[in-house]
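Quick notes on the structure that follows.
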Amino acid sequence: MADPKENVLMEKLVSLCKRRGFIFQSSEIYGGINGFWDYGPLGAELKRNVKELWWNRMTRMRDDVVGLEATIIMHPQIWRASGHVDTFSDPMCDCLLTRKRFRADQVDVQSGIAYHFTGARDSVSGKVSQDPFAVLLPAGKPPESARKTAVAFYQLRGLQNVELSGETTEKVENSQRFNPENGALLTEPRPFNLMFKTYVGPVADEENVAFLRPETAQAIFAQFKNVHETSRQKLPFGIAQVGKAFRNEVTPRNYTFRSREFEQMELEFFIKPDEAVEALCGQVATPSTPGHPGTPQPDWGWQMWHQYWVEERIRFYESIGLPRTTLEEYWQKPDELAHYARATVDLLFKFPFGTQELEGIAARSDFDLSQHQRFSGKSMTVFDEELKAAWPKLDPTRQSDLSERYRLARLKYLSKTGEPAEKAEKQAAEDAANLGKGYYVPHVIEPSAGVDRLILALLAHAFHEEESTDEKGRKETRTLLSFHPSVAPVKVGVFPLLKNKPELVAKAREVRESLRSHFNVFYDEAGSIGRRYARQDEAGTPFGVTIDFDTLGERPEWKDTVTIRQRDSGAQERVAIAELRTWLETRLR
RNA sequence: GCGAGCGUAGCUCAGCCUGGUAGAGCGUCACCUUGCCAAGGUGAAUGUCGAGGGUUCGAAUCCCUUCGCUCGCUCCA
């Protein structure tokens with residue numbers, strides 16, 4: 001767990017974010033609302049930059065990924081197909097004695113004698129508790145043991161000398177209402193819905209229930225066919241989306257890290273099943289060495305693609321200023337994997353409050369599209385002309401081998417979904433036959449990142465304090481945010497050396513105007529020059545441009561040049577105004 | 001959801017125990033000053049003391065409720 005020093009760091013960061021306008025609590029004037037955060041002027045710029053860099057890198061800089069922007073509220077069936085309705089709304093109950101929480105349907109079934117109590121009173125103080133309580137004992141156990149548990153319960157309610165009242169017994173069979181560990185009564189099962197619920201249309205009844213999406217991914221699957229057909233993409237290709245998602249988290253914690261409204265950047269990268277790759281290329285390439293596997297090749301199987309995306313994503317983080325050393329790769333153990341996942345790598349960042357997930361890169365097989373195929377009744381298969389052409393040229397034993405492997409994989413999926421065995425067998429056989437005709441459900445690799453936690457990681461990583469002592473022996477702390485220039489909210493500060501010299505001010509404003517259509521520029525003339533540098537250090541502005549007397553020609557050879565100061569080192573150099581834009585452009589990438 | 005602690009100016013905090021209508025430092029703003037790293041001077045703004053209720057002649061202070069934050073438990077597809 002985080003040690004005190006790291007909590008102090010977190011407090012400093014939170015305070016800086018508020019003071020400088022990066023992050024505010026939502027609805028603060030009304031006392032705030034738990035789990036919701038707003039981005040102030042600098043935070044909004046930072047977040048835009050991050051999303052834009054992701055979008056450019058994932059879509060515009062590639063031939064094989066296209067974008068999507070889907071709605072937040074979708075057909076409720078989507079969340080049944082995805083499994084969210086089941087896994088996000090488990091009724092839970094708590095042990096009245098230990099507070100331990102159980103999923104109501106997973107409590108071990110028990111039988112025995114239940115001892116009910118209507119309440120208790122303190123024989124010394126006279127204080128009374130009217131809370132009913134009950135303990136279940138296996139048949140044959142002495143009643144004293146039930147009373148002991150009940151006494152402990154009422155002691156928790158503030159009674160010291162417990163005198164139990166209204167004891168009755170009842171025979172109980174196959175009950176899930178009692179804690180198997182101590183026999184204590186559990187609270188009533190309460191729905192624990194992690195999805196935000198709303199109603200579509202003016203009538204708020206159960207038929208009109210809809211959910212705010214708990215992830216952006218499902219929209220991509222739901223629109224897979226449309227995008228595939230209109231984008232003229234062929235497998236392998238991906239669909240990227242950036243957008244809001246909502247989860248009614250039990251405990252929003254750690255500043256913006258776990259929020260109830262948050263933004264995701266997700267890619268669903270669709271690939272051919274390994275059986276199809278083998279049919280086409282004669283073999284499936286699998287990773288032999290760690291690290292980036294290079295330019296994608298036609299013979300890559302899902303493992304190569306998975307490794308490729310893990311490495312691509314790490315490169316992205318490096319490019320925006322999170323070095324590999326700040327990240328941790330965590331390969332989920334087989335028993336941690338979701339049942340449909342073949343492999344999942346979490347990219348973790350060392351936050352001040354602990355090492356936590358920034359992004360997950362999951363190999364999700366063909367589970368998602370298959371689910372939507374089953375629930376919607378619409379085919380999610382693609383037709384692969386090359387596969388159709390290649391298949392007849394295969395050796396018959398190879399054909400039956402591939403076909404059988406594909407059939408078994410489909411059967412495994414269909415059986416797990418609870419399809420009747422006979423129906424599953426029939427469907428799997430049909431799917432296998434279709435493979436030879438060039439039809440299959442694409443598999444998917446999913447790099448899924450949280451924008452807000454990435455912002456927090458960038459802030460935490462950029463935060464630095466430098467202690468120094470001035471000539472008068474006073475200790476000073478310089479706070480700076482060492483953002484990578486590509487994400488920095490403000491790219492360049494422009495300052496006249498002195499405010500009371502109109503020529504300097506006029507020239508500085510002129511320089512600001514010449515730059516502002518190219519970069520986010522901040523102009524400041526208030527206070528000493530050092531103070532203005534310090535203000536920009538806290539905002540994370542990488543460069544400061546100062547207009548001085550030499551700019552005006554005091555030293556003729558320096559006419560129309562400015563001083564550029566670098567944020568992290570404080571180093572200065574002289575650059576001609578005419579070259580400023582190019583100078584900055586090459587350093588802001 | 002449970003337990004503990006906390007909530008006073010933009011930020012960090014004092015005052016609360018022992019009720020008598022609010023303070024410091026930093027920051028912000030204006031003017032002056034200032035020839036490159038938070039210099040200085042003068043002046044200014046800012047809080048229904050998280051919110052609501054109660055006790056009291058009187059509440060930042062005592063009591064209750066509620067919201068928010070932190071930590072622990074729980075949860076985390």
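Chain A is the first sequence line, chain B the second, and so forth, proteins listed ahead of strands; every chain is numbered from 1. None of the values given here were measured: they were computed from a predicted structure.
Taking the centre of each ring, A/F22 and A/Y39 stay at or above the 6.0 Å mark. For A/F211 and A/F246, the ring centers are positioned 6.0 Å apart or more.
When Watson-Crick and G-U wobble pairs are counted only if both distances are under 3.5 Å, B/A59 pairs with no nucleotide at all. The partner of B/C11 is B/G25, judged by Watson-Crick or G-U wobble contacts that both fall below 3.5 Å. Under the Watson-Crick and G-U wobble criteria, each requiring two contacts below 3.5 Å, nucleotide B/C16 is left unpaired. B/G72: Watson-Crick or G-U partner is B/C2, with both key distances under 3.5 Å. Figure legend. B/U46 is base-paired to no nucleotide; pairs are counted as Watson-Crick or G-U wobble with both atom distances under 3.5 Å. Summarising the base pairing, B/A38 is matched to no nucleotide, lacking a Watson-Crick or G-U wobble pair whose two defining distances lie under 3.5 Å.
Residue order along RNA chain B, read from the 5' end via each residue's closest nucleotide, puts A/F36 first among A/F36 and A/Q264. In this structure, A/K18 and A/K501 both approach RNA chain B, and ranking their closest nucleotides by distance from the 5' end singles out A/K18.
Within the 4.0 angstrom heavy-atom criterion, no nucleotide atom of any strand lies near A/S569. Nucleic acid contact class of A/G35 (heavy atoms, under 4.0 Å, all strands): sugar-phosphate only. Nucleic acid contact class of A/E28 (heavy atoms, under 4.0 Å, all strands): none. Among the heavy atoms of the strands lying under 4.0 Å from A/D548 is at least one base atom, whether or not backbone atoms are also near. Note on A/N500: a base of the nucleic acid sits closer than 4.0 angstrom, heavy atoms only. Residue A/F257 is out of contact with every strand shown, counting any heavy-atom pair closer than 4.0 Å.
Between B/U65 and B/G5, the distance separating the two P atoms is 14 Å to the nearest Å. Across the P atoms, B/A60 and B/G54 are found 15 Å apart, a figure rounded to whole Å. Nucleotides B/G25 and B/G41, compared at atom P, are 12 Å apart to the nearest Å. Rounded to a whole angstrom, the distance from the C1' atom of B/G20 to that of B/C26 is 31 Å. To the nearest whole angstrom, the two C1' atoms, one in B/A4 and one in B/A39, are 47 Å apart. Between B/C11 and B/C69, the distance separating the two C1' atoms is 16 Å to the nearest Å. Between the C1' atoms of B/C29 and B/U66, the separation comes to 37 Å (whole Å). If you take atom C1' in B/G52 and the same atom in B/A9, they sit 23 Å apart, rounded to whole Å.
Taking a cutoff of 4.0 Å between a charged side-chain nitrogen and a carboxylate oxygen, A/R478 and A/D537 qualify as a salt bridge. With salt bridges taken as basic N to acidic carboxylate O contacts below 4.0 Å, none links A/E525 and A/K499. In this structure, A/K12 pairs ionically with A/E465, as a charged nitrogen and a carboxylate oxygen lie closer than 4.0 Å. By the 4.0 Å N-to-carboxylate-O rule, A/R313 lies close enough to A/E359 to be salt-bridged with it. A salt bridge between A/E28 and A/K18 is present, with a side-chain N of the basic residue lying under 4.0 Å from a carboxylate O of the acidic one. The pair A/E446-A/R364 meets the salt-bridge criterion, with a side-chain N (NZ, NE, NH1 or NH2) lying under 4.0 Å from an Asp/Glu carboxylate O.
On a pure distance criterion of 3.5 Å, no polar donor-acceptor pair joins the side chain of A/Q25 and the base of B/G68. A donor and an acceptor atom sit less than 3.5 Å apart, one in the side chain of A/R565 and one in the base of B/C37. On a pure distance criterion of 3.5 Å, no polar donor-acceptor pair joins the side chain of A/R478 and the base of B/C37.
Between the CG atom of A/L348 and the C1' atom of B/C76 there is a distance of 14 Å, rounded to whole Å. Atom P of nucleotide B/C69 and atom CZ of A/F353 are separated by 15 Å, given to the nearest angstrom. Rounded to whole Å, the distance from CZ on A/R555 to P on B/C36 is 12 Å. The interatomic distance linking A/F495 (CZ) with B/A38 (C1') rounds to 13 Å, in whole Å. What separates CG of A/L497 from P of B/A39 is a distance of 14 Å, to the nearest Å. If you take CD of A/E538 and P of B/U12, they are 13 Å apart, rounded to a whole angstrom. Atom-to-atom, CG of A/L42 to P of B/G10 comes out at 19 Å; the value is rounded to the nearest Å. When the P atom of B/U12 is taken as reference, atom CG of A/L13 falls 12 Å away, rounded to whole Å.
Listed nucleotides: B/C37, B/C31, B/C76. Nearest to the side chain of A/K499: B/C31. Here the side chain of A/S15 is nearest to one of B/G68, B/U12, B/A38, namely B/U12. Here B/A38 is the nucleotide among B/G35, B/A38, B/C36 with the atom lying nearest to any side-chain atom of A/S528. Comparing B/C31, B/C36, B/G35 against the side chain of A/E554 picks out B/G35 as the nearest.
Taking 4.0 angstrom as the limit, A/N254 places a side-chain polar atom (N or O) nearer than this to OP1 or OP2 of B/C71.
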Exercise. Could you run through nucleotides 24-29 of chain B and give me one letter per nucleotide, 5' to 3': B if any protein heavy atom sits under 4.0 Å from the base, S if only the sugar-phosphate is that close, - if neither?
Key: ---SS-
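Using a 30° and 60° split on the angle between ring planes, A/F224 and A/F270 fall in the tilted class, from 30° to 60°.
Under the 6.0 Å distance and 45° angle rule, A/R80 does not count as a cation-pi partner of A/F375.
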